[in-house]
Amino acid sequence: MTKPVGVLSLQGDFREHLQAFDRLGIPAVQLKVAKKLSDVAGLVIPGGESTTIAKLSRIFNVLEPIREAIREGLPVFGTCAGLIMLADEITDGIEDQETFGGLDVVVQRNAFGNQLDSFEIDLPFTGIDGTIHAAFIRAPLITKVGAKASVVASLEDGRIVGVQQERRLGISFHPELTDEDRIHRYFYDALVCA
Ligand code: GLN
């Protein structure tokens, strides 16, 4: 039997991710406790507030188990706050802000400032034909990409908003909020089922 995708459901827009998988006919379940990690074939870290997700992950004892599962090869997909949680290094975090890590990148929180903190655009995405629709909400930017990660999405001016590293995917925006389901499909087909 195929295992479902888990969606970390401590804070943020985990329901919208579950709905996206539902529209695609891909089995997906909420994940809140570490012992369920062995029941899922991949894990989504949703958008929301990375400082809260980090604190709750520590409180609910999933921080170390998720780190370990990622190290051992669990496919992961983070959107916005989820990207921050997957970064090996962050800037403009709160003091001692923790991440799961897994992506060899530096991610800057709230990188777009106040004036342009929310916007939607269409942009190309490596592995998907045409353009995808991207909604940015108080979004982070990937300011440095290490040797292990590769860029899959950038803005017209070259700023990087998506990276992949083996079976790990992190993007600055929120496909789950705009019915842009092709990235969830890509994650499942190319990273989870690969
Ligand atoms: N600014 C948020 C953070 O630092 C991310 C915003 C989002 O997920 N839409 O976690």
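All ligand and atom numbering here is 1-based and tracks the order in the structure. In this text, all values refer to a predicted model and were calculated from it rather than measured experimentally.
Side-chain contact between Arg185 and Ile128 is absent, with no heavy-atom pair separated by less than 4.5 Å. The closest side-chain heavy-atom distance from Tyr188 to Leu24 is not below 4.5 Å.
Among residues at least two apart or in separate chains, ring-ring contact (aromatic ring centres under 6.0 Å, His included) pairs with a member in residues 127-151 are Phe112-Phe136, Phe119-Phe136, Phe136-Phe173. Pairs of residues two or more places apart, or lying in two chains, never qualify as ring-ring contact (aromatic ring centres under 6.0 Å, His included) while including a residue from residues 23-73.
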Return all side-chain donor-acceptor pairs below 3.5 angstrom for residues 67-77, not counting sequence neighbours, or 'none' if the list is empty.
unit_1 : atom_1 : unit_2 : atom_2 : d
Arg67  : NE     : Thr99  : O      : 3.1
Arg67  : NH1    : Glu64  : OE2    : 2.9
Arg67  : NH2    : Thr99  : O      : 2.9
Glu68  : OE1    : Arg71  : NH2    : 3.0

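Hydrophobic clustering (side-chain heavy atoms under 4.5 Å, transitive across Ile, Leu, Val, Met, Phe, Trp, Tyr) keeps Ile160 apart from Ile171.
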For ligand 1, list every N/O pair with the protein closer than 3.5 Å, one pair per line with the distance.
unit_1   : atom_1 : unit_2 : atom_2 : d
ligand 1 : 1 (N)  : Asn110 : OD1    : 2.5
ligand 1 : 1 (N)  : Arg138 : O      : 3.1
ligand 1 : 4 (O)  : Ser50  : OG     : 3.2
ligand 1 : 4 (O)  : Arg109 : NE     : 2.7
ligand 1 : 4 (O)  : Arg109 : NH2    : 3.1
ligand 1 : 8 (O)  : Gly48  : N      : 2.9
ligand 1 : 8 (O)  : Gly48  : O      : 3.0
ligand 1 : 8 (O)  : Ala81  : N      : 3.1
ligand 1 : 9 (N)  : Ile137 : O      : 2.9
ligand 1 : 9 (N)  : His174 : NE2    : 2.8
ligand 1 : 10 (O) : Ser50  : N      : 2.5
ligand 1 : 10 (O) : Ser50  : OG     : 2.8

